[in-house]
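Since the model is a prediction, treat every value here as computed from it, not as a measurement. Because only heavy atoms are used, hydrogens play no part in the values below, and waters and symmetry mates are left out as well, while side chains stay in.
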Amino acid sequence: MSQQTRLKPSHDPVKKLKLIHENKDCEIFSLLARFFLVLCLISSISLVLYTGLFPQTHYLHFPPPNISAPPPNSEFANQTGPTNISHILFCIGGSAATWKYRSRYSSLWWRPNETRGFVWLDETPARENAPENTSIPYRISSPEWKKFKFSSSRSAVRIARIIRESFKLREKNVRWYVMGDDDTVYYTHNLVTVLARYDHNQMMYIGGNSESVEQDVMHSYDMAFGGGGFAVSYPLAEKLVSILDGCLDRYYYLYGSDQRIWACITEIGVPLTREAGFHQFDIRGNAYGILAAHPPAPLVSLHHLDYVDSLVPNLNQIDSLKSLNNAYHVDPPRILQHVFFHDYNRKWSISIAWGYTIQLYPKLMPAKDLQTPLRTFKTWRTGSDGPFTFNTRLVKSDPCELPIVFMLETAEEVGSSGSRTIYHRIDPKPEKTCNKTEYAQTMSVQRIVIGALKLDPEWWTKERRRQCCDITNRGSKQSSMQIRIRKCRPWETITIQR
């Protein structure tokens with residue numbers, strides 16, 4: 001074995017030099033690692049100090065959630081079972097000066113020991129302005145409303161805060177807060193039917209628009225107009241109340257209480273759910289055309305009744321409403337429900353708004369015209385012929401183009417499941433009488449009797465198809481016509497047969 005191979009590795013100068021370099025590389029790597037560790041530590045400390053001493057300002061600022069906000073009251077949350085009238089708290093805006101006069105409207109629908117709620121007044125009414133005990137009980141609004149900013153309508157602030165004051169009463173088992181005016185007439189059975197279709201444990205905002213486009217443009221298409229009434233579910237009311245006062249100051253420049261409420265609900269992010277049975281009646285003149293061609297929806301409310309003609313000729317407004325109520329109590333879901341059909345033998349068209357009126361035309365008219373309201377009214381603000389949020393038909397000046405009108409005379413139950421309503425003819429003025437032969441034939445009918453089964457409230461959720469009709473005394477030359485309203489057969493249509 002050579003001398004070179006016998007040398008130990010530790011004595012090899014090349015390997016020794018290589019080992020020295022490897023040790024130096026480890027030391028350098030260790031120093032670099034320590035350097036970067038110290039650098040990261042210094043950077044972190046600097047960032048914390050900089051952020052604390054120089055807070056950043058952004059154009060968009062999203063505050064953290066308020067984790068200290070109290071949870072919903074478990075006593076009211078997640079109520080189960082069908083909704084009934086006891087679950088509704090009415091929050092009505094009124095004035096001490098006009099309460100006695102306007103209480104005439106509330107007395108038509110308020111039922112002591114059945115309906116719940118209050119009319120909120122600005123002050124205690126004088127004894128001569130106090131209504132009868134059968135009206136809604138009143139409460140006085142807290143004077144706090146006077147401290148809020150306003151631009152044009154100070155009383156609107158007080159009325160907007162009614163939902164807050166009603167909520168603070170902590171009435172038990174309230175699912176819905178229903179807002180309205182002291183001249184709003186409610187049809188409570190139908191109101192319950194409408195609200196029962198929605199989940200009261202969710203945030204819900206339910207109501208209707210104005211009939212006049214000019215009003216919707218001025219305020220909002222997305223707003224429930226307060227005169228016609230609107231409903232707020234308990235969870236939404238709870239959230240609304242928590243932001244309401246600050247919100248009222250933010251929207252001090254808005255005009256109405258309903259517009260302020262809508263603006264606040266918009267901040268919460270809940271859209272309006274529209275129901276066609278809430279009637280603001282932002283119209284002037286005669287509401288007959290709207291009621292005679294009511295949309296296929298339950299009648300829920302009527303408003304502005306002091307500003308439209310009497311609903312029934314030759315009666316004052318209160319008696320007109322009582323006449324409508326007589327039919328409503330016989331069959332609540334069917335009130336004003338619109339059906340129409342043709343008498344092909346005599347070439348007549350017959351349009352029925354159940355419990356209110358019948359229109360008899362001495363000609364065959366298409367269904368699209370029969371379902372369209374006659375324009376017997378004008379817009380609310382300017383008194384114009386439109387536009388409205390629905391189609392209308394022009395009232396012709398030619399008397400031979402006008403229908404013969406019948407109005408409700410009596411309404412009664414037949415057994416436990418049926419109804420019978422009778423309508424009498426309203427004779428037109430002499431200058432509005434048509435002298436054509438076919439018109440004279442229709443004028444021979446003096447009375448129309450309608451028979452029908454009571455309408456199932458579930459009809460609104462099952463099948464919203466209009467019902468059909470038969471003339472049951474066909475061929476008779478008597479002055480009385482008898483009609484039966486029934487469910488349409490699958491193949492039936494309202495088609496003109498030439």
Main-chain N/O of Gly289 paired to Thr376 side chain as donor or acceptor, under 3.5 Å: yes
Between Arg102 and Asp181, is there a salt bridge with N-O shorter than 4.0 Å? no
Gln202 and Tyr234: side chain donor to acceptor below 3.5 Å: no
I'd like to know if Glu412 and Arg420 make a salt bridge, using a cut-off of under 4.0 Å between side-chain N and carboxylate O. yes
Is any NZ, NE, NH1 or NH2 atom of the basic residue among Glu409 and Arg447 found under 4.0 Å from an Asp or Glu carboxylate oxygen of the other? no
For Phe118 and Trp120, take the angle between the two ring planes, folded into 0 to 90°, and tell me which bin it lands in: parallel under 30, tilted 30 to 60, perpendicular over 60. perpendicular
Going by ring-ring contact (aromatic ring centres under 6.0 Å, His included), name the residues that satisfy it together with Trp380, two or more places apart in sequence or in a different chain. His304, Tyr307
Taking the six-membered ring for Trp, are Tyr288 and Phe377 closer than 6.0 Å centroid to centroid? no
Under 3.5 Å donor-acceptor, Asp258 side chain and Gly226 backbone: yes
Relative to each other, are the rings of Tyr177 and Phe167 parallel, tilted or perpendicular (30° and 60° limits)? tilted
Are any side-chain N or O atoms of Arg158 and backbone N or O atoms of Trp145, one a donor and one an acceptor, separated by less than 3.5 Å? no
Measure from the side-chain N and O atoms of Thr379 to the backbone N and O of Ser384, and report whether any donor-acceptor pair falls under 3.5 Å. yes
Check whether Tyr252 forms a cation-pi arrangement with Arg250 (NZ or CZ under 6.0 Å from the six-membered ring centre, at most 45° off the ring normal). no
Salt bridge check: are Lys147 and Asp245 linked by an N-O gap of less than 4.0 Å? no
How about Thr421 and Tyr423: does a side-chain donor come under 3.5 Å of a side-chain acceptor? yes
Apply side-chain contact (heavy atoms from CB on, under 4.5 Å) to Phe340 and Gln371, showing your working. CA-CA 8 Å; Phe340 44 82; Gln371 77 165 2; 3.8 Å; yes
Scan side-chain atoms only and decide if Thr83 and Arg175 contain a donor-acceptor pair under the 3.5 Å cut-off. yes
Pairing of Arg425 and Asp427 as salt bridge, 4.0 angstrom limit: yes
Could you label the plane-to-plane angle of the Trp109 and Tyr186 rings as parallel, tilted or perpendicular, counting under 30° as parallel and over 60° as perpendicular? perpendicular
Does a side chain donor of either Ser310 or Ser320 reach within less than 3.5 Å of an acceptor in the other side chain? yes
Within the 3.5 Å criterion, strictly below it, is a donor on Tyr328 or Asn190 matched to an acceptor on the partner's side chain? no
Electrostatic pair Lys378:Asp385 at N-O distance under 4.0 angstrom: yes
Do Ser106 and Ser103 have side-chain atoms, one donor and one acceptor, less than 3.5 Å apart? no
Short side-chain donor-acceptor distance under 3.5 Å, His338 and Ser351: yes
Would you call Arg161 and Glu144 a salt bridge, taking side-chain N to carboxylate O under 4.0 Å as the test? yes
